[in-house]
Amino acid sequence: EYWMNQFDQEGLTTDVVTYGSMIHACAKKGDAALAESWLERMLRAGLVANNVIYSTVITACARTGDRMKAELWFERMVQDGIEPDRVCYNVLIDACAKNRDPDKAEVWLRRMRDAGIMPDTKTFNVLMNSCAKVRDWVRAESWLQEMLQLGVPADVISYSTVINACASGGQVMNAAQWLTEMVDNG
């Protein structure tokens, strides 16, 4: 922040890369509010943020548990004409999982699909995790089944998440079946 203030005092021009670096540094430090502040400052300076910069702020907000702010920045990005990518959607789906809200996670999946973006392994993993957190083993299983039907590769996390959901829901036989399928599929 010191150097950005020095740039301002000296009348030096700052660009998207400079602001992006500051936003990234704040996000990496875990300071979502400061990352937001720098993005707002950048926009006030008349610069146009790109997908990466918005994604960084969305991720920073989501990581601090502020799903609502993450969603607001997502909407602002769309309003500014920047197309969100799979990463942006996955971050919001994951934020819903952390907030134990599988219904909202599914809303974001629908929006993702409506935007023509196909879910990947990470997408399904965070969806299944949102179900596992609320012990909804039925829904977790259905997401794994859909994932496999779509040809999206399942990984150890995919199977482990569903096994955990089944086990926490008292469905030991289902958990054992998924474990067997995981081993059989390598």
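Everything numeric here is computed off the predicted structure, so don't read it as measured data.
- F124 has its side chain within reach of V152: a pair of non-hydrogen atoms, C-beta onward, lies under 4.5 Å apart.
- Taking CH2 of W143 as the start and OG1 of T161 as the end, the distance is 14.5 Å to the nearest 0.5 Å.
- Atoms OG and CD1, from S168 and I163 in turn, are 12.0 Å apart once rounded to the nearest 0.5 Å.
- Closest approach of S158 to L144, counting heavy atoms only: CB-CD1, 4.1 Å.
- In this structure, the side chains of M128 and I157 stay at 4.5 Å or more apart for every pair of heavy atoms.
- E83 pairs by the side chain to side chain contact (heavy atoms under 4.5 Å, CB included) definition with nothing, not counting sequence neighbours.
- Within the structure, every pair that satisfies the salt bridge (Lys or Arg N to Asp or Glu O under 4.0 Å) test and touches residues 142-156, not counting sequence neighbours, is listed here: R113-E146.
- Residues that satisfy the salt bridge (charged side-chain N to carboxylate O under 4.0 Å, His left out) test with E141, not counting sequence neighbours, are absent from this structure.
- In this view, E75 and R111 satisfy the salt bridge (charged side-chain N to carboxylate O under 4.0 Å, His left out) rule, not counting sequence neighbours.
- For D85 (side chain) and C88 (main-chain N/O), a donor-acceptor pair under 3.5 Å exists by modelled atom type.
- To the nearest 0.5 Å, the span separating OH on Y54 from CD1 on I23 amounts to 9.5 Å.
- Residue L150 is grouped with residue I117 when hydrophobic side chains (ILVMFWY) are merged at heavy-atom distances under 4.5 angstrom, including chains of intermediate members.
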Donor-acceptor list for residues 57-65 side chains, cut-off 3.5 Å, not counting sequence neighbours:
| from | atom 1 | to | atom 2 | distance (Å) |
| --- | --- | --- | --- | --- |
| T59 | OG1 | S55 | O | 2.8 |
| T64 | OG1 | A60 | O | 3.4 |
| T64 | OG1 | C61 | O | 2.9 |

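- Under the salt bridge (charged side-chain N to carboxylate O under 4.0 Å, His left out) criterion, R100 pairs with no residue at all, not counting sequence neighbours.
- Between M42 and I53, some side-chain heavy-atom pair lies under the 4.5 Å cut-off.
- How far CE of M112 is from CD1 of I93: 5.5 Å, rounded to the nearest 0.5 Å.
- L72 meets the side chain to side chain contact (heavy atoms under 4.5 Å, CB included) test with no other residue; sequence neighbours excluded.
- Put simply, CZ on R41 and CG on L39 are 12.5 Å apart, with the number rounded to the nearest 0.5 Å.
- The shortest side-chain heavy-atom distance between E71 and K104 falls under the 4.5 Å cut-off.
- In plain terms, the two heavy atoms of A132 and N164 that are nearest each other are CB-ND2, 4.4 Å.
- Looking at N99, its side chain does come within 3.5 Å of a backbone N or O of A95 through a donor-acceptor pair.
- Contact detail for V162 and A140: the closest heavy-atom pair is CG2-O, 3.6 Å.
- For the residue pair L43 and R76, the shortest heavy atom distance occurs at CD1-NH2, 3.3 Å.
- Among residue pairs with one or both ends in residues 91-122, those qualifying as ring-ring contact (aromatic ring centres under 6.0 Å, His included) are F74-W108; sequence neighbours excluded.
- Scanning all heavy atoms of the two residues, the minimum distance from P153 to T121 falls at O-OG1, 2.6 Å.
- For residues 128-137, every residue pair satisfying the side chain to side chain donor-acceptor pair (under 3.5 Å) rule, not counting sequence neighbours, is listed here: D136-R139.
- For M118, the CE atom sits in a packed shell: over 12 heavy atoms of surrounding residues, nucleotides or ligands are nearer than 6.0 Å.
- With sequence neighbours excluded, the residues that form a side chain to side chain contact (heavy atoms under 4.5 Å, CB included) with D94 are A97, K98, V126.
- Contacts of E181 classified as side chain to side chain contact (heavy atoms under 4.5 Å, CB included), with partners at least two apart in sequence or in another chain: L148, Y159, W178, N185.
- For the pair T180/M182, no side-chain contact is recorded, criterion being any heavy-atom separation below 4.5 Å from C-beta on.
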Determine, step by step, whether L109 and L127 satisfy the side chain to side chain contact (heavy atoms under 4.5 Å, CB included) criterion, reporting the C-alpha distance in whole Å, the side-chain angles of both residues, the deciding distance to 0.1 Å, and the verdict. CA-CA 8 Å; L109 174 67; L127 276 167; 3.5 Å; yes
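- For K122, there are no salt bridge (charged side-chain N to carboxylate O under 4.0 Å, His left out) partners two or more places apart in sequence or in a different chain.
- The OH atom of Y19 sits 6.5 Å away from the CG atom of L47 when rounded to the nearest 0.5 Å.
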